Chemist: 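Dropping the structure in here first, questions after.
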Amino acid sequence: MSFPEDLGAGSLIGSCDETYMFLQALKHGFGFRYVPTAAVTHFFDMDDLKRRDRVKQMYRASTAFGIKLIMEEPSLRFPSLIWMLEGLEKRFADIVRRKPRKSAEKGPLTPAEMLWANLQGIWTYMKSRRSRR
């Protein structure tokens with residue numbers, strides 16, 4: 001198994017490579033062990049504009065990743081579709097209520113910006129797929 005080139009830093013999708021590898025390892029029967037002392041550090045710029053851009057990119061990536069699972073991983077199609085539909089339902093509910101859920105209150109994006117970034121993930125996946133051909 002190797003990390004897919006269409007996911008992760010430097011790719012159009014730009015994220016979700018670790019999640020993909022985790023799913024692949026589970027699919028192939030590998031187990032995992034919790035190691036509380038293990039740590040991974042990601043450094044991000046604390047500038048508010050750059051932070052907003054990064055968060056938008058992460059929302060786009062999550063949708064693109066979900067579509068990748070639906071299109072390219074037959075065994076994960078149904079669970080991925082449910083996961084994505086539940087996420088969209090939450091986004092719409094946040095917009096209708098005009099405020100985010102408590103778990104999302106500290107984020108730099110409004111519910112509408114989150115939804116728009118998620119929807120942009122559709123085009124991100126399509127561009128990524130075309131670039132692999």
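Here the structure is a predicted model, which means the values were calculated and not measured.
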Chemist: Can you name the side-chain hydrogen bond (donor to acceptor under 3.5 Å, both in side chains) partners of Thr63, sequence neighbours left out?
Modeler: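 Testing Thr63 for side-chain hydrogen bond (donor to acceptor under 3.5 Å, both in side chains), a comparison that skips the adjacent residues, returns Asn118.
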
Chemist: Check the hydrophobic clustering (I, L, V, M, F, W, Y; side-chain heavy atoms under 4.5 Å; chains of links allowed) and say if Ile67 and Leu115 are grouped together.
Modeler: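 Yes; Leu115 is reachable from Ile67 via cluster members.
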
Chemist: How far apart are the closest heavy atoms of Thr124 and Leu12, and which atoms are they?
Modeler: CG2-O, 3.6 Å

Chemist: How many angstroms lie between atom CD of Glu89 and atom CG of Asp94, to the nearest 0.5 angstrom?
Modeler: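 So the gap between those two atoms works out to 10.5 Å.
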
Chemist: Could you work out, with ring pair (Phe, Tyr, Trp, His ring centres under 6.0 Å) as the rule, every residue matching Phe22, not counting sequence neighbours?
Modeler: Phe32

Chemist: For residues 74-83, which residue pairs qualify under salt bridge (charged side-chain N to carboxylate O under 4.0 Å, His left out), counting only residues two or more places apart or in two chains?
Modeler: none

Chemist: Can you run down the salt bridge (charged side-chain N to carboxylate O under 4.0 Å, His left out) pairs that involve residues 3-20, sequence neighbours left out, and say none if there aren't any?
Modeler: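 Residue pairs passing salt bridge (charged side-chain N to carboxylate O under 4.0 Å, His left out), neighbours aside: Asp6-Lys68, Asp6-Arg132.
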
Chemist: Please indicate whether Phe3 has more than 12 foreign heavy atoms, meaning atoms of other residues, nucleotides or ligands, lying under 6.0 Å from its CZ.
Modeler: yes

Chemist: Could you list all the salt bridge (charged side-chain N to carboxylate O under 4.0 Å, His left out) pairs where at least one residue sits in residues 52-62, not counting sequence neighbours?
Modeler: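 Listed once each, the pairs are Arg52-Glu113.
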
Chemist: Atom CG in Leu88, atom CG in Leu119: separation rounded to 0.5 Å?
Modeler: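 CG of Leu119 is found 6.5 Å from CG of Leu88.
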
Chemist: Nearest 0.5 Å, please: how far is OH in Tyr59 from CZ in Arg91?
Modeler: 4.5 Å

Chemist: Got a sec, which pairs hit salt bridge (charged side-chain N to carboxylate O under 4.0 Å, His left out) with one end in residues 26-36, sequence neighbours left out?
Modeler: Lys27-Glu73

Chemist: Going by the angle between their ring planes, with limits at 30° and 60°, are Tyr20 and Phe65 parallel, tilted or perpendicular?
Modeler: perpendicular

Chemist: List in chain and number order the residues that pass salt bridge (Lys or Arg N to Asp or Glu O under 4.0 Å) with Lys50, two or more places apart in sequence or in another chain; answer none if no residue qualifies.
Modeler: Asp45

Chemist: Evaluate the side-chain proximity of Met58 to Cys16: yes if any heavy-atom separation is below 4.5 Å, no if none is.
Modeler: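 Heavy-atom side-chain distance check fails, nothing below 4.5 Å.
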
Chemist: Output, in order, the C-alpha distance, side-chain angles, deciding distance and verdict of side chain to side chain contact (heavy atoms under 4.5 Å, CB included) for Ile122 and Met126.
Modeler: CA-CA 6 Å; Ile122 298 166; Met126 289 172 27; 4.0 Å; yes

Chemist: What pairs with Phe30 under ring pair (Phe, Tyr, Trp, His ring centres under 6.0 Å), at least two apart in sequence or on another chain?
Modeler: none

Chemist: More than 12 non-hydrogen atoms from neighbouring residues, nucleotides or ligands closer than 6.0 Å to CH2 on Trp83, yes or no?
Modeler: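 Yes, CH2 of Trp83 has more than 12 neighbouring heavy atoms, counting only those of other groups under 6.0 Å.
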
Chemist: Of all residues at least two apart in sequence or in a different chain, which pass the side chain to side chain contact (heavy atoms under 4.5 Å, CB included) check with Leu49?
Modeler: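 With sequence neighbours excluded, Leu49 shows a side chain to side chain contact (heavy atoms under 4.5 Å, CB included) to Asp47, given in chain and number order.
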
Chemist: Using every non-hydrogen atom in the two residues, find where Ile13 and Ser128 come nearest and quote the distance to one decimal.
Modeler: CD1-OG, 3.8 Å

